[in-house]
**Student:** 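Dropping a structure here in structure tokens format, bear with me for questions.
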Amino acid sequence: MHEDIFDPFALNLDKDIALNLFQTATQGADDGELFFERRRSETLILDDQRIKTANFDASEGFGLRAVRGEKTGYGHSSEISEAAIKRAMGTVSSAVADKGGQWADAPQRSNNSLYASFDPTSEIGFAQKVDILKQIDAYLRALDKRVVQVSAVITASLQEVVIMRPDGEVFTDLRPMSRVNISVILENNGRRESGSAGGGGRFSLSELIHPEDWQPKAREALRIATVNLDAIAAPAGMMDVVLGPGWPGILLHEAIGHGLEGDFNRKGSSAFAGLMGQRIAAPGVTVLDDGTLPDRRGSINIDDEGTAAQKTTLIEDGILTGLMQDRQNARLMGVKPTGNGRRQSYAHMPMPRMTNTYMLGGDTEPQDIVASLKDGLYAVGFGGGQVDITNGKFVFSCTEAYQVKNGKIGAPVKGATLIGDGATALKQIRAIGSDMALDPGMGNCGKAGQWVPVGVGQPSLMIGGLTVGGSAE
């Protein structure tokens, strides 16, 4: 258990005074909150058999927000004090200068308890973490003499939030996070290729440092690098593509998920704006955003406005049925918030963000999906990508992919990129596998300069008519 509980009112800030200042700043507003945060994080990186990075960061601060219609006033400071709140009040009050707001109902209390309360940064000693990183390096070099470089990363953090509402209600959440990532580079006959694997979640770091956990990650990174050593240049052109389960859901997250966030739809800038209740995907496609999955990287007991995390059905059997909402967009659109109001830190305003976004499985065996592919690509690993949220157009690079001819998986390919748009891809899903899986816990999502941890997932999918960019002549 985490014994040193964050209490912003214990030292330099009287709770009653803070509430009075907050109420004054938000008088005439529709909504607002006083958001306090304390964060601790540690990162250790071993690279080329040496510890290259050892960082420990600690921060705390508050954000004061008032919302009136579409206008928002926000002030923040790394100093938690009466004086700092008074300085923030001027900026905040300007957003509600015309007063006349109608105060929104407060969030309902949550019974969510999705992860334990502990500090993963203090669970394991520094020397032990260094020793684990060195063990990972030695293990990979002993497995394969072609290994020329190993990079291993251990990260742990604890985010503690306290959210005060104008009625004096206080909501709290303690959010642990741990992760181990491993990358390896192999060299054979002058050619070098890499592979990586890893994962984590809102659970104890001690669960990740046992050999039973990190050794499979190390072997997976080595396997991917070995596959890439034999890869040939990827073909180019329009073709059918089968996506593997789990982490390939990052394409779903980026190309489709952002377009189903409330703010983009309210402003009409999403490719899915105005399509509620209409078919936007092939029959059988059901997509959820679920912040209530225990211990998952994207899960939260409450969001950063105090709303309980929820399971929201976005697409049901191909029909658009829901959007992800924070409190402001939900109010402006006349719907209920869905527990998706998230922010990177106290220095940022909340906005609609994904938590764990995934597609439910179907009833087709995954091997039958591949067997039905006559001439195309089987993509099971993805790296970086770019998406235009206004039209859903995406470009994603594959880190592991294979040619498929007459239903048989052939040679691995290198340099393949998938090009398309989310709205079209949804309608061109031709088969949905029975093997739905969530990613191993390594996703981060960027939006408007803010980053938050997320989860993704999907079953094996066949999508018809994607453009594949490649380097084969």
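The structure presented is a predicted model; accordingly, all values stated were derived computationally and were not measured. Heads up: numbering here begins at 1 and tracks the sequence.
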**Student:** According to side-chain hydrogen bond (donor to acceptor under 3.5 Å, both in side chains), does anything in residues 271-280 pair up with another residue at least two apart or in another chain? List the pairs.
**Tutor:** none
**Student:** Would one find more than 12 heavy atoms of other residues, nucleotides or ligands at under 6.0 Å from atom CG of Asp363?
**Tutor:** no
**Student:** What residue pairs, at least two apart or across chains, pass salt bridge (charged side-chain N to carboxylate O under 4.0 Å, His left out) with a residue in residues 252-262?
**Tutor:**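 Only Glu261-Lys447 qualify under salt bridge (charged side-chain N to carboxylate O under 4.0 Å, His left out).
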**Student:** Among pairs that include at least one residue of residues 323-342, which meet salt bridge (charged side-chain N to carboxylate O under 4.0 Å, His left out), considering only residues two or more places apart or in two chains?
**Tutor:**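 Listed once each, the pairs are Asp31-Arg327, Asp31-Arg331.
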**Student:** Test the Arg109-Phe171 pair against the cation-pi criterion, namely NZ or CZ under 6.0 angstrom from the six-membered ring centroid and within 45° of the ring axis.
**Tutor:** yes
**Student:** Counting only heavy atoms not in Asn55 (residues, nucleotides, ligands), do more than 12 fall under 6.0 Å from its CG?
**Tutor:** yes
**Student:** Show me, pair by pair, the donor-acceptor contacts under 3.5 angstrom made by side chains of residues 198-209, not counting sequence neighbours?
**Tutor:**
| from | atom 1 | to | atom 2 | distance (Å) |
| --- | --- | --- | --- | --- |
| Arg202 | NE | Ser299 | O | 2.6 |
| Arg202 | NH1 | Pro176 | O | 3.2 |
| Arg202 | NH2 | Ser299 | O | 3.4 |
| Ser204 | OG | Glu123 | OE1 | 3.3 |
| Ser204 | OG | Glu123 | OE2 | 2.6 |
| Ser204 | OG | Ser206 | N | 3.0 |
| Ser204 | OG | Ser206 | OG | 2.5 |

**Student:** Evaluate the ring planes of Phe382 and Phe396, with Trp represented by its six-membered ring, and classify them as parallel (under 30°), tilted (30 to 60°) or perpendicular (over 60°).
**Tutor:**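 Geometry flag for Phe396 against Phe382: perpendicular rings.
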**Student:** Any side-chain heavy-atom pair from Gln458 and Pro248 closer than 4.5 angstrom?
**Tutor:** yes
**Student:** Test of understanding: with side-chain contact (heavy atoms from CB on, under 4.5 Å), list the residues that count as partners of Glu193, not counting sequence neighbours.
**Tutor:** Arg191, Asn228, Leu229, Lys414
**Student:** Could you pull out all residues at least two apart from Glu79 that satisfy salt bridge (Lys or Arg N to Asp or Glu O under 4.0 Å)?
**Tutor:** Arg87
**Student:** Please find the pair of heavy atoms, one from Asp303 and one from Gly341, that lie closest to each other, and give the distance.
**Tutor:** OD2-N, 2.9 Å
